[in-house]
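This report refers to the structure that appears directly beneath it.
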Amino acid sequence: MPPAALQPPPGLHPESARLLAVDCWTGDPAVAALIDAARALIPVAETLRDLCTRRPSVDRLIADEIGALVWEATEMGRVNVWRREPRASGVIGAIWIELESLRTRWIHARLQSEELSPTTQNIGQWYDRLQALEEEAPTVAVVWNNGPTRPC
């Protein structure tokens, strides 16, 4: 549904209005800023970890607080079928969580603007639209790998 067709209900929270103004959650300027910040922190943490290895008197806690992003292979329940899943920690993990939250809030704002709710009698319509939006909106891992400008 194009954003021009989405009419925010009166009294809508400013954050929801901001999310409704973009075609896809990845179009929010905050997404690019958060990804850039996390990408900038990764080499800083690696440098500090290396320093802590060479100089044990330097507290490794500094690097641990910044965190890391590790891609772990997870078995999918079939022989030789694996999927790489991100595991973020520290400040980088907090940024990752905020990105996931932006995606979830974008989906929720769309559902709310379409007046769909899980508390209505006909939950099927809400659920179908939720599933469509979940499939349409790229995950944080996809955005991380492909860049924040990937359209929905």
Side-chain angles (χ1 to χ4, degrees), residues 1-49 62-152:
M1 180 176 275
L6 294 173
Q7 296 300 320
L12 186 66
H13 190 278
E15 180 67 9
S16 294
R18 192 174 5 266
L19 290 168
L20 285 172
V22 293
D23 285 337
C24 183
W25 75 276
T26 58
D28 185 339
V31 172
L34 288 167
I35 287 177
D36 288 347
R39 287 187 195 279
L41 287 172
I42 290 172
V44 171
E46 289 171 354
T47 301
L48 289 172
R49 268 187 215 91
I62 300 166
D64 291 344
E65 289 290 327
I66 294 172
L69 179 63
V70 179
W71 293 84
E72 295 179 352
T74 304
E75 191 172 4
M76 299 304 300
R78 295 176 57 197
V79 176
N80 295 325
V81 178
W82 298 80
R83 178 173 67 195
R84 288 185 47 203
E85 292 186 358
R87 300 285 184 252
S89 63
V91 173
I92 295 167
I95 291 171
W96 194 276
I97 290 168
E98 183 58 31
L99 288 166
E100 288 176 339
S101 178
L102 279 170
R103 179 180 183 266
T104 301
R105 290 193 312 255
W106 179 82
I107 290 170
H108 179 72
R110 287 283 186 268
L111 291 168
Q112 189 178 20
S113 72
E114 296 171 19
E115 297 179 359
L116 296 172
S117 171
T119 59
T120 61
Q121 288 285 21
N122 185 5
I123 195 168
Q125 186 179 6
W126 169 83
Y127 184 76
D128 291 343
R129 183 65 178 136
L130 173 66
Q131 292 302 307
L133 287 169
E134 286 280 349
E135 290 176 16
E136 179 183 326
T139 64
V140 175
V142 168
V143 173
W144 182 271
N145 288 328
N146 297 335
T149 57
R150 184 177 183 271
C152 284

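Both backbone and side-chain heavy atoms feed into the values below; hydrogens, waters and symmetry mates do not. Because the structure is predicted, anything quoted here is derived from the model rather than measured.
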| query | What is the distance from atom CD of Glu114 to atom CD of Gln125, rounded to the nearest 0.5 Å? | reply | 9.0 Å

| request: Search all heavy atoms of Thr119 against all heavy atoms of Ser117 and return the closest pair with its distance. | output: OG1-OG, 2.8 Å

| note | Contacts of Glu46 meeting side-chain contact (heavy atoms from CB on, under 4.5 Å) (sequence neighbours excluded), chain-then-number -> Ile42, Arg49

| Within a strict 4.5 Å, meaning less than it, do heavy atoms of the Pro138 and Thr26 side chains meet? | yes

| task | Answer yes or no: is there a side-chain heavy-atom contact under 4.5 Å between Trp144 and Pro86? | result | no

| Partners meeting side-chain contact (heavy atoms from CB on, under 4.5 Å) with Arg87 (sequence neighbours left out) | Glu72, Thr74, Glu85

| remark: In short, Leu20 meets Ala109 closest at the heavy-atom pair CD2-O, 3.5 Å

| Side-chain donor/acceptor of Ser89 to backbone N/O of Gly67, under 3.5 Å | no

| So, for Asp28 and Val22, which heavy atoms are closest and what is the spacing to 0.1 Å? | N-CG1, 4.0 Å

| field | Exercise: identify the closest heavy-atom pair between Trp25 and Leu99 | value | CZ3-O, 3.5 Å

| said: Working to the nearest 0.5 angstrom, can you tell me the gap between Ile97 CD1 and Leu34 CG? | reply: 12.5 Å

| field | Evaluation steps, side chain to side chain contact (heavy atoms under 4.5 Å, CB included), between Leu69 and Arg39 | value | CA-CA 9 Å; Leu69 179 63; Arg39 287 187 195 279; over 6 Å; no

| task | Sequence neighbours left out, what passes side-chain contact (heavy atoms from CB on, under 4.5 Å) with Leu111? Give chain and number order. | result | Ile107, Leu116, Trp126, Arg129, Leu130, Leu133

| remark: Rounded to the nearest 0.5 angstrom, the CZ-SG distance for Arg110 and Cys24 is 8.5 Å

| request: Before giving the answer on salt bridge (Lys or Arg N to Asp or Glu O under 4.0 Å), spell out for Glu100 and Arg103 the whole-Å C-alpha distance, their side-chain angles and the decisive distance to 0.1 Å. | output: CA-CA 5 Å; Glu100 288 176 339; Arg103 179 180 183 266; over 6 Å; no

| field | Shortest non-hydrogen contact from Glu136 toward Trp106 | value | OE2-CH2, 4.0 Å

| Heavy-atom pair of closest approach, residues Trp71 and Ala141 | CH2-CB, 3.8 Å

| message | As an exercise, state the distance from CG of Asn146 to OG1 of Thr139, rounded to the nearest 0.5 Å. | response | 9.0 Å

